[in-house]
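Working notes, beginning with the structure itself.
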Amino acid sequence: MAKPTLLLIDGNSLAFRSFYALINQVDRFVSHEGLHTNALVGFNNLLDGIVDPFKPDKALVAWDAGKTTFRTNSFGDYKGNRDKTPQELVEQFEPMKKMVELHGIKNYQLVDYEADDIIGTIAAAGDAAGYAVTIVTGDRDMRQLVTDNITVWLTKKGITEIDKYMPAQVAEVYGGLTPAQVVEVKGLQGDPSDNYPGVPGIGEKTAIKLIQEYHSIPTLYEHVDEMKASKRKENLITYRDDAFLSRELARIRTDAPLEINLDDLDYQGIHYQALIPFYQQLDFKQQLVKLANMGYVAADAKPVTQQPLKWVTLDFENEAELNRIEDVLDVYVELDGENYHRANIVGFVVGNAQVGYFASRNVDYLTQDSPVRKLLQNSVLKKRVFNAKALTVALARYGVQLTGVTFDLLLVSYLLNVNDNSNDLGQVAHEHQYFDVATDEEVYGKGAKFQIPADDQVFFEHLGRKAQTIGQLEPALMQQLTDQQQARLYTEIELPLTFVLADMEMQGITVNADHLLAMQSKFSERLSELQQKIYQQAGHEFNIQSTKQLGTVLFEEMGLKSLKKTKTGYSTSVEVLEQMTDVPIVESILQYRQLSKIQSTYVDGLLRVIHGSDSKVHTRYLQTLTQTGRLSSVDPNLQNIPVRVEEGRQIRSAFVPSHEGWSIFSADYSQIELRVLAHVTGDMEMQKAFLADEDIHASTARRIFGIPLADPISPNLRRQAKAVNFGIVYGISDFGLAKNIGTDRKTAKQIIETYLTEYSGVKAWTQKIIETAREQGYVETIAHRRRYLKDIKAKNFNLRSFAERTAMNTPIQGSAADIIKIAMIKMQTALKTHGLNSKMLLQVHDELIFEVPAEELATMHQLVPEIMDSAVQLDVPLKVETHEGKTWYDAK
DNA sequence: CCCGTCACG
DNA sequence: ACGTACGTGACGGGA
């Protein structure tokens, strides 16, 4: 008969592991009550993944009781170099213990003892009582407890993967030693993380070798005199006491005076119903979904019944049934990659709840005349989709002109809350408390395991669920849009824009590959010259692109003074290097850096993404990503093509019109963010300056530096005033301004105060917007785009300050984004109504780029500014400047 | 996969 | 006393 099982869990060790596994995202895991939950998430995964399937007979989670233990009493420095446990973790301990209880497991801690000792003691008792004992921990030293009946499960890097240690595995990593000998090794080796010393110069390798030979520390010292003279022998003798002390510190106790025994440890099983309010409090949505799928729902929840799903595999027998579809069609198309300009359609589904859903992998239904194709191209039939832009572009490649989209789940979800921007339909649905659909990861797997199911039953059911979800969510989400006064933002801006963007992306922009190739060979020659020069200046070869190696060369070998550090080493950023240009190698490195950036990101990078079929690049604009409402551009990013430095700027000469004799034409808003600032703040002084079409930075300089009208403004003061204007838009701080204009903090502070006195409307507005953010929890743009600021009331100064700057910046940056989006929609319409052949190709936040036939140039110079500056009516005028040229470079 | 760096508005 | 300008994406290096 199988032995009874006893599961012992090292609470502290695993809490720390969980916390640091997600340390980078500590601020992304915060409950609505402001509690950090990253460690709780990790710990919960651990319970789910290891404990729950284990179903032990008895179980315990052991915790440290506090800072002092018998170890600190015997050795004051024990764990003396540990940083204080971060507050973000401390606050998670109590809920974590509650989580343990709700999973049916007892917690235990004991004054003066560490979790290890509790586990050691119970494990020994369990071993003696005939249990199969399993210990789960992140602490490698626990392996000393292993016996034939005690297995140690050690978490690897993350926390969900584990290595299992039985005596054989311990022997394997410890060169044939027994678990009991682990403390002998540790005694010699010491442990920097616990701050006990061991013997200097002896690491794990040597310690194992010595214990292999002498078996233990006491016997080693019996024979120490026989060792041949060496530094090691000297150290062993000198640090004898440390070795014995460290050995004791490393030894886990098996005789702690516990007040509990095995009878108290019966595993209770999971208290499902009680977990619901607990998970709700922590905002553990995924866990709630899992509970719901098991039939556990909150007492006050609407009953979750899995909706029935009507679906069939589309075939030539049943395709006629599609003709019964009227009013509305839900559509979902699955691609085999995220870049929809290249990816293939691997499956699709159309239908609605009344008639049912029709799924297929056969793209002939799309490429050839079929009922499906007719429905998709029928403009009267309302389509409900997820990611209309991707769908439009993908279908267009199969010859289908999708029309009549009224509901885009992804887009609507993003507008309701910019954080709900997952490209996974299931995840988005779960955000809206709709659980009748799984995520792609759940169905397809991820990483190397990703696979579209070969089984039609599985694949089509998932597709059907997705399509059905879109339809099910539409009424509630459209209502929420209305409630948040965002209906017009959706119907008049974002939804029409999505099709404008689809057009621009499909149009693409032609890139002259020969030109890039010429640049490539010129640059690589120059790069190897610079490389040789740098090797010479350094005295040896090294990887210039490695910040680590570069730091060693500059700050250790060459003895330059390090001016700034990053958390991983010396900073070698431009900012730092520019202060050391008197050293020749630094100058060379700066040149090398600049050139290799252009080469790798722009020359090589662009060449890689030119489509063979049309010699164009087709970016994808992400419409549902940024926190402010701007677009972003990927694959390639065409919103950060160099312009400020001449060498880089020449990249732009590779961007050319797609027809002989055409031109590249650009139109940009002048100072749009400051104009928006003048509008939203209602500041009369700033508005006057714009109404008079003054040079705004000069005008600001005049006011904040008190320069009489008769006097000219020096370029330096104008530059400073410009920095102040930028600072205001970004949510200014004296430190930031000082750094930017190279003055001291006090002066910067004075400048800001003067600015806010001179522009009192701006001052009043910044105070008001922060107040508003605190009251409603969000800020808005002129088109009612919304951004929630969860940290606006944070106790932590940094988090709160950041939220306050965001509160000021988002209405400005976001409203500017609203304006150009409106202009783009109007522009596309105007091109059509004027019967122009010019094409809008790119958007770069405050500028639009077109390709234009020669005969339309004059018209465009007039029409484009007209459309752009009348996109919205502000209290100050909008100003637009236009340029044209044979290439993008020349359109300046 | 994260970090430092650097390109843009 | 805190540490600090807003919003993005791509690259190479190195765990």
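Values below: every heavy atom of this structure, side chains too, minus hydrogens, waters and symmetry copies. The chains referred to below are lettered A, B, ... by the order of the sequence lines, with proteins before strands, and numbering in each begins at 1.
Dashed line: the shortest gap from a side-chain N or O of A/K548 to OP1 or OP2 of B/dC3 is not under 4.0 Å. For A/T572 and B/dT5, the shortest distance from a side-chain N or O to OP1 or OP2 is below 4.0 Å. Residue A/Q549 has a polar side-chain atom (N or O) positioned under 4.0 Å from OP1 or OP2 of C/dG14. Between C/dT8 and A/S633, no contact under 4.0 Å exists linking OP1 or OP2 to a side-chain N or O.
Note on A/R608: only backbone sugar-phosphate atoms sit closer than 4.0 angstrom, heavy atoms only; bases stay farther off. Across all strands, A/R787 comes closer than 4.0 Å only to sugar-phosphate atoms, never to a base (heavy-atom distances). Residue-level contact check: A/S571 touches the backbone only, with heavy atoms under 4.0 Å from sugar-phosphate atoms and none from bases. Counting non-hydrogen atoms under 4.0 angstrom, A/I641 reaches the backbone sugars and phosphates but no base. Among the atoms of the strands shown, only primed sugar atoms or phosphate atoms (P, OP1, OP2) are found under 4.0 Å from some heavy atom of A/R593. Among the heavy atoms of the strands, none lies under 4.0 Å from A/I598. Residue contacts for A/E673: at a heavy-atom cut-off of 4.0 Å it reaches no nucleic acid atom on any strand shown. Within the 4.0 angstrom heavy-atom criterion, no nucleotide atom of any strand lies near A/E847. Note on A/A723: a base of the nucleic acid sits closer than 4.0 angstrom, heavy atoms only. At the heavy-atom level, A/G731 lies nowhere under 4.0 Å from the strands shown. Nucleic acid contact class of A/N640 (heavy atoms, under 4.0 Å, all strands): base. Within the nucleic acid shown, A/N796 has no heavy atom closer than 4.0 Å to any nucleic acid atom. Backbone-only engagement by A/Q545 is indicated by non-hydrogen atom pairs under 4.0 Å involving sugar-phosphate atoms exclusively.
A/L677 approaches A/I728 most closely through the heavy-atom pair CD2-CG2, 3.7 Å.
The backbone N or O of A/Q520 lies less than 3.5 Å from a partner atom in the side chain of A/Q599, making a donor-acceptor pair. The main-chain N or O of A/D695 is never found under 3.5 Å from a side-chain atom of A/R718 such that the two would form a donor-acceptor pair. Under the 3.5 Å distance criterion, the side-chain polar atoms of A/Y669 are matched with a main-chain donor or acceptor of A/M868. Of the possible donor and acceptor atoms, none in the side chain of A/E673 sits under 3.5 Å from a partner among the backbone N and O of A/A816.
The side-chain ring of A/F797 is not stacked on the base of C/dC2, judged by centre separation under 5.5 angstrom and plane angle under 30 degrees.
One P atom belongs to C/dA5, the other to B/dG4, and the distance between them is 14 Å to the nearest Å. B/dT5 and C/dT4 have their P atoms separated by 15 Å, given to the nearest Å.
A residue-by-residue look at A/T810 and A/S801 shows that A/S801 has its nearest nucleotide of DNA chain C further toward the 5' end.
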